[in-house]
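Reviewing the structure listed below.
Below, all heavy atoms of this structure are taken into account, side chains as well, without hydrogens, waters or symmetry copies.
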Amino acid sequence: MKITVLAVGKVKEKFYRDAIGEFQKRLGRYCRLEIVEVADEQTPDHASGATERQIKVQEGRRLLKKIREGDWVCALAIEGKMLDSVGFSQKINALGVGGASRLVFVVGGSLGLSEEVLGRADFLLSFSEMTFPHQLMRVILLEQIYRAYRIMKHEPYHK
């Protein structure tokens, strides 16, 4: 199975890049992992609601260009469904058994995802009601994908 993490913006901090690299390496034995970044928009200080919506639309268009017909798309959204690690593992396993060949996890920018991207998603996933930096969410997502595969394979992993 191919898993794509599709994200807005580049990861700037070295410690996040290092963590992402470690999980990419670990996941190599379970799946084909691809990380695709699209350009983010500068958000002016004190931007109006209309400006913020326009920024999300522009970023959303870039994201949607990277999603193919037939992709199973999971958008990370605070209003999505929360799963525990076992439930997340079962979801990924069921998609693989069901014939999904490419899973795309979409991580928005600092303002979140556009309505168009949320509408294209097959599933909205929430990790918490809290807000996290979008760069940190990539690390958390990759760790949970890695944990999901360890659970599927009945391999030990810390709790």
Side-chain angles (χ1 to χ4, degrees), residues 1-24 26-27 31-85 87-92 94-96 100-149:
M1 177 181 301
K2 183 170 191 177
I3 293 183
T4 299
V5 174
L6 177 57
V8 173
K10 294 199 177 298
V11 175
K12 296 171 182 76
E13 288 85 0
K14 183 181 182 317
F15 59 92
Y16 286 143
R17 288 194 312 268
D18 290 346
I20 289 167
E22 179 63 27
F23 284 112
Q24 282 181 290
R26 291 181 186 192
L27 280 163
C31 66
R32 290 179 301 147
L33 177 69
E34 165 187 52
I35 297 178
V36 176
E37 296 173 333
V38 300
D40 58 347
E41 293 290 318
Q42 286 291 89
T43 304
D45 291 338
H46 312 294
S48 67
T51 299
E52 288 186 355
R53 278 189 298 281
Q54 186 56 36
I55 288 169
K56 288 197 301 187
V57 166
Q58 290 171 334
E59 291 174 345
R61 287 183 184 142
R62 291 183 192 123
L63 291 167
L64 290 168
K65 285 181 182 176
K66 303 292 183 180
I67 297 171
R68 303 179 204 142
E69 189 175 322
D71 286 347
W72 186 85
V73 177
C74 176
L76 275 58
I78 201 163
E79 66 272 21
K81 181 175 179 168
M82 286 190 213
L83 299 173
D84 63 16
S85 295
F88 184 60
S89 176
Q90 291 169 340
K91 183 109 184 137
I92 291 173
L95 288 162
S101 60
R102 186 169 114 132
L103 308 184
V104 178
F105 291 91
V106 184
V107 182
S110 60
L111 299 175
L113 294 167
S114 69
E115 291 301 318
E116 293 80 7
V117 173
L118 295 172
R120 169 58 181 88
D122 297 292
F123 188 77
L124 301 181
L125 177 64
S126 175
F127 279 87
S128 172
E129 291 180 4
M130 294 180 178
T131 302
F132 296 102
H134 59 283
Q135 295 180 8
L136 177 59
M137 277 314 304
R138 294 187 210 186
V139 176
I140 294 170
L141 172 62
L142 289 172
E143 189 280 334
Q144 284 298 306
I145 294 169
Y146 175 67
R147 183 182 295 269
Y149 276 103

Side chains of [X] and [Y]: does their closest heavy-atom pair fall under 4.5 Å?
X      : Y      : answer
Phe123 : Leu83  : yes
Ile145 : Leu103 : no
Leu27  : Ile3   : no
Leu141 : Phe127 : yes
His134 : Val8   : no

With no hydrogens and no angle check, do the side chains of Gln144 and Ser85 hold a donor and an acceptor under 3.5 Å apart? yes
Nearest heavy-atom neighbours spanning [X] and [Y]:
X      : Y      : result
Thr43  : Ser110 : OG1-OG, 4.4 Å
Leu113 : Gly108 : CD2-CA, 3.3 Å
Ser114 : Gly60  : OG-CA, 3.7 Å
Leu124 : Glu79  : CD1-CG, 4.5 Å
Asp84  : Gly87  : OD1-N, 2.6 Å
Leu118 : Ala75  : CD2-CB, 4.2 Å

Find the distance between [atom1] ([X]) and [atom2] ([Y]) and round it off to the nearest 0.5 Å.
X     : Y     : atom1 : atom2 : value
Cys31 : Lys2  : SG    : NZ    : 10.5 Å
Gln58 : Leu63 : CD    : CG    : 12.0 Å
Leu33 : Gln24 : CG    : CD    : 5.5 Å

Taking everything shown except Glu129 itself, do over 12 heavy atoms lie less than 6.0 Å from its CD? no
Answer yes or no: are there more than 12 heavy-atom neighbours, outside Glu115 itself, under 6.0 Å from its atom CD? no
Which residue pairs satisfy the salt bridge (Lys or Arg N to Asp or Glu O under 4.0 Å) criterion with at least one member in residues 57-76, sequence neighbours excluded? Glu41-Arg62, Asp71-Arg102
Checking Arg138 against Glu37 for the side chain to side chain contact (heavy atoms under 4.5 Å, CB included) test, could you report, in this order, the C-alpha distance in whole Å, the side-chain angles of both residues, the deciding distance, and whether it holds? CA-CA 11 Å; Arg138 294 187 210 186; Glu37 296 173 333; 2.8 Å; yes
Please report, to 0.1 Å, the donor-acceptor pairs under 3.5 Å made by any side chain of residues 12-21, with sequence neighbours excluded.
residue, atom, partner, partner atom, Å
Lys14, NZ, Asp18, OD1, 3.3
Lys14, NZ, Asp18, OD2, 2.8
Arg17, NH1, Lys12, O, 2.5

List in chain and number order the residues that pass ring pair (Phe, Tyr, Trp, His ring centres under 6.0 Å) with Tyr149, two or more places apart in sequence or in another chain; answer none if no residue qualifies. Tyr30
Mind telling me whether Trp72 and Phe105 have parallel, tilted or perpendicular rings, with 30° and 60° as the class edges? perpendicular
Looking at Glu22 and Arg26, does any basic side-chain N land under 4.0 Å from a carboxylate oxygen? yes
Is Glu143 paired with Arg147 through a side-chain N to carboxylate O contact shorter than 4.0 Å? yes
Check each of Val106, Val104, Leu64 against Arg120 using the side-chain contact (heavy atoms from CB on, under 4.5 Å) test, and report the only one that passes. Leu64
